[in-house]
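Please read the structure below before turning to the comments.
Order of listing sets the numbers, starting from 1, for every ligand and every atom in it.
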Amino acid sequence: MSAVRIDGKAAAAELLAITSHEVGKLKADGIVPSLTVILVGDDPASDVYVRNKVQRAQEVGILSIEHRLPANTSQEHLLALIEALNGDASVHGILVQLPLPRHISEQAVIQSLDPLKDVDGFHSHNVGSLAQGLPSFVPCTPAGCLQLLQGVVAELSGKHAVIVGRSNIVGKPMAALLLKADCTVTILHSRSRNVAALCRLADIVVVAAGRPKLVTSDWIKPGAVVIDVGINRVRDLDRARLVGDVDYDDVATVAAALTPVPGGVGPMTIANLMANTVLAARQQSQLKR
Ligand code: GUN
């Protein structure tokens with residue numbers, strides 16, 4: 001058996017087209033949706049992510065502003081910038097690229113964001129709303145994973161989903177979303193025991209562990225759907241290459257459907273960031289009326 005290759009690029013293009021249409025409607029109402037992206041330091045991976053986000057924003061007509069700050073920026077300086085952006089009515093979305101340099105508290109920075117501008121959905125206000133099943137900004141990567149799953153799984157209700165990884169950015173919000181979709185949810189993490197055997201119980205597997213090719217075919221029940229969130233840079237025959245947390249060729253022999261890396265979850269993360277920014281702009285314009 002060979003698995004269906006889930007095309008994240010095509011799904012993202014659809015979401016971006018809808019988002020671009022929504023941007024047009026906002027502009028017709030005199031609102032230019034805007035996203036401010038803050039990058040502290042010079043982590044090369046973050047640099048690529050931020051460039052991609054800014055470029056995609058421009059493509060859909062969102063005004064995007066970049067603040068690139070040196071690695072030795074103080075926490076006070078960063079918090080002051082966020083406070084100014086919170087108070088600037090022309091800024092609808094604020095994204096602080098993670099990770100931050102070690103001398104800055106990620107929690108303090110995330111909690112300083114106006115929850116209405118928190119297009120990443122990381123502020124405790126949004127995290128709490130999502131956990132309670134209330135409307136909130138949904139973190140972009142798990143939102144994209146859910147959309148890809150909805151494209152290939154006819155009925156999520158009652159399915160057993162196993163999530164590998166418990167990060168605040170992916171694992172935990174993914175669990176909340178799948179629970180909201182009436183899945184039975186198991187979270188595995190670095191201290192879990194019998195991970196392969198537990199994973200083999202799953203109808204749906206979402207892997208966000210940050211470990212290249214961690215998941216192999218012996219972890220997967222025949223016919224399961226597998227979503228690979230991993231983006232690992234590895235050197236292969238002296239060339240830099242991206243690989244996921246799933247051994248694609250091996251898992252494709254047993255899974256029903258599987259996302260590739262690159263071209264799977266990655267494009268959906270950015271498309272959802274654009275969608276969240278449009279939502280932020282729409283909500284803020286309605287609040288002002
Ligand atoms: N670093 C890795 N993923 C993300 C993300 O989704 N948002 C932000 N802000 N930083 C990240």
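- Every heavy atom of Y49 sits 4.0 Å or more from the atoms of ligand 1.
- Looking at D47 and R68, a side-chain N of the basic residue comes within less than 4.0 Å of a carboxylate O on the acidic one, giving a salt bridge.
- Of the options D120, T269, N272, a side chain to side chain donor-acceptor pair (under 3.5 Å) to T141 is made by T269 and by none of the others.
- The residues D236 and R241 are annotated as salt-bridged, a charged nitrogen and a carboxylate oxygen being separated by less than 4.0 angstrom.
- A side-chain contact (heavy atoms from CB on, under 4.5 Å) with L148 is found for exactly one of D7, V265, V225, namely V265.
- At least one N/O-N/O distance between V96 and ligand 1 falls below 3.5 Å.
- Per-residue contacts place L95 under 4.0 angstrom from the following atoms of ligand 1 (heavy atoms of the residue considered): 9 (N).
- Under 4.0 Å from ligand 1, heavy atoms of L98 appear from its side chain as well as its backbone.
- For ligand 1, the polar-atom distance check finds an N/O of Q97 within less than 3.5 Å of one of the ligand's N/O atoms.
- Put simply, OG on S20 and CD on E59 are 10.0 Å apart, with the number rounded to the nearest 0.5 Å.
- For T269, no nitrogen or oxygen atom sits less than 3.5 Å from a nitrogen or oxygen atom of ligand 1, counting backbone and side chain alike.
- Taking all heavy atoms of V119, I169, D120 into account, the minimum distance to atom 9 (N) of ligand 1 is reached by D120.
- No hydrogens or angles considered: a donor-acceptor pair under 3.5 Å links the side chains of Q97 and K53.
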